[in-house]
Amino acid sequence: YNYKYTTIYFNNIFDNKKLKVLEELLIIELKKYIKVEEKDKFIIIGLGNDSSAPDALGPKTIDHILVTSHLYSIGEVEDGYSNVSIFKPSVIGNTGIESYDLIKSIVKTIKPTKVIIIDSLKANDLSRLTKTIQITNKGINPGSGINNDRGELSKKTLGIDVVVIGIPTVVDIKTIIK
């Protein structure tokens, strides 16, 4: 399998022109990972704990995704829209259930053709903290950045294409005191 990784670096997204450039670059890069076909059915998953600011990227991002799967089920979708569902599994500390088990069950039930996962990442370099976007098709092991590996989410384990988008939002103390 041909695994790919892309890292987009940026400094200041509070300037609207720079934010627009970053948005356009992200779209260009995502198109290299996701080839949208008419029959595609997406599930976009926001990993993390929306009650913890450093870990809330996934769930907070999901809140801004246009969900269309219910419209597809009744046949009322305009051209240009994909079949999209979302899911926020939260964290085992909130649910008592592993994210992997929830996601595997959802994928088996709704049978999407592609999975997009959005998550907060741990930075190993302070200069990357909230200043990079990482994209891969290799998958992710939620919690592995903080030595709390919760089960691999990948094409190998879910049986369909998986694209992960992450932004480093946390560092450990060793990284800070280097």
Can any side-chain N or O of [X] pair as donor or acceptor with the backbone N or O of [Y] at less than 3.5 Å?
| X | Y | answer |
| --- | --- | --- |
| Thr157 | Ser154 | yes |
| Thr68 | Val84 | yes |
| Ser105 | Asp101 | no |
| Lys4 | Lys32 | yes |
| Tyr5 | Lys138 | no |
| Lys114 | Val163 | no |
| Ser69 | Asn83 | no |

Pairing of Asp161 and Lys155 as salt bridge, 4.0 angstrom limit: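 Yes.
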What's the separation between atom [atom1] in [X] and atom [atom2] in [Y], rounded to the nearest 0.5 Å?
| X | Y | atom1 | atom2 | value |
| --- | --- | --- | --- | --- |
| Ile103 | Ile43 | CD1 | CD1 | 8.0 Å |
| Thr61 | Ile86 | OG1 | CD1 | 11.0 Å |
| Leu102 | Ser90 | CG | OG | 9.0 Å |
| Asn124 | Lys122 | CG | NZ | 5.0 Å |
| Asp55 | Asp119 | CG | CG | 6.5 Å |
| Ile135 | Thr7 | CD1 | OG1 | 8.5 Å |

Derivation and outcome, side chain to side chain contact (heavy atoms under 4.5 Å, CB included), residues Lys20 and Asn16: CA-CA 6 Å; Lys20 187 68 177 164; Asn16 281 340; over 6 Å; no
Which pair of heavy atoms, one from [X] and one from [Y], lies closest together, and at what distance?
| X | Y | answer |
| --- | --- | --- |
| Leu22 | Ile133 | CD1-CD1, 4.1 Å |
| Lys39 | Thr113 | O-CG2, 4.3 Å |
| Gly46 | Pro89 | O-CD, 3.5 Å |
| Pro112 | Ile160 | O-CD1, 3.4 Å |
| Tyr9 | Arg128 | OH-NH2, 2.7 Å |

Answer with yes or no whether the hydrophobic clustering places [X] together with [Y]; edges join I, L, V, M, F, W, Y residues whose side-chain heavy atoms lie under 4.5 Å apart.
| X | Y | result |
| --- | --- | --- |
| Leu26 | Leu19 | yes |
| Tyr81 | Leu71 | yes |
| Tyr72 | Val36 | no |
| Leu25 | Phe10 | yes |
| Val91 | Ile106 | no |

Atom CD of Glu24: over 12 foreign heavy atoms under 6.0 Å: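 More than 12 heavy atoms, drawn from other residues, nucleotides or ligands, come within 6.0 Å of this atom.
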Chi angles and distances behind the side chain to side chain contact (heavy atoms under 4.5 Å, CB included) call for Ile34, Phe42: CA-CA 10 Å; Ile34 304 166; Phe42 291 89; 3.7 Å; yes
Side chain to side chain contact (heavy atoms under 4.5 Å, CB included) assessment of Leu121 paired with Ile140: CA-CA 10 Å; Leu121 305 175; Ile140 190 169; 4.1 Å; yes
Thr6-Tyr33 side chain donor-acceptor pair, cut-off 3.5 Å: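 Thr6 vs Tyr33: donor-acceptor pair found between side chains.
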Residues Lys35, Asp40; criterion salt bridge (Lys or Arg N to Asp or Glu O under 4.0 Å); working and verdict: CA-CA 9 Å; Lys35 306 293 185 220; Asp40 277 334; over 6 Å; no
Option among Ile44, Leu153, Thr136 that satisfies the side-chain contact (heavy atoms from CB on, under 4.5 Å) test with Ile117: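 Option passing the side-chain contact (heavy atoms from CB on, under 4.5 Å) with Ile117: Leu153.
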Ile116 side chain near Ile165 side chain, heavy-atom distance below 4.5 Å: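 Yes, side chains in contact.
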Side-chain heavy-atom pair Gln134, Pro168 within 4.5 angstrom cut-off: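 Yes, their side chains come closer than 4.5 Å.
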Lys41 vs Ile110, side chain to side chain contact (heavy atoms under 4.5 Å, CB included): CA-CA, chis, key distance, verdict: CA-CA 9 Å; Lys41 184 175 180 181; Ile110 69 166; 4.2 Å; yes
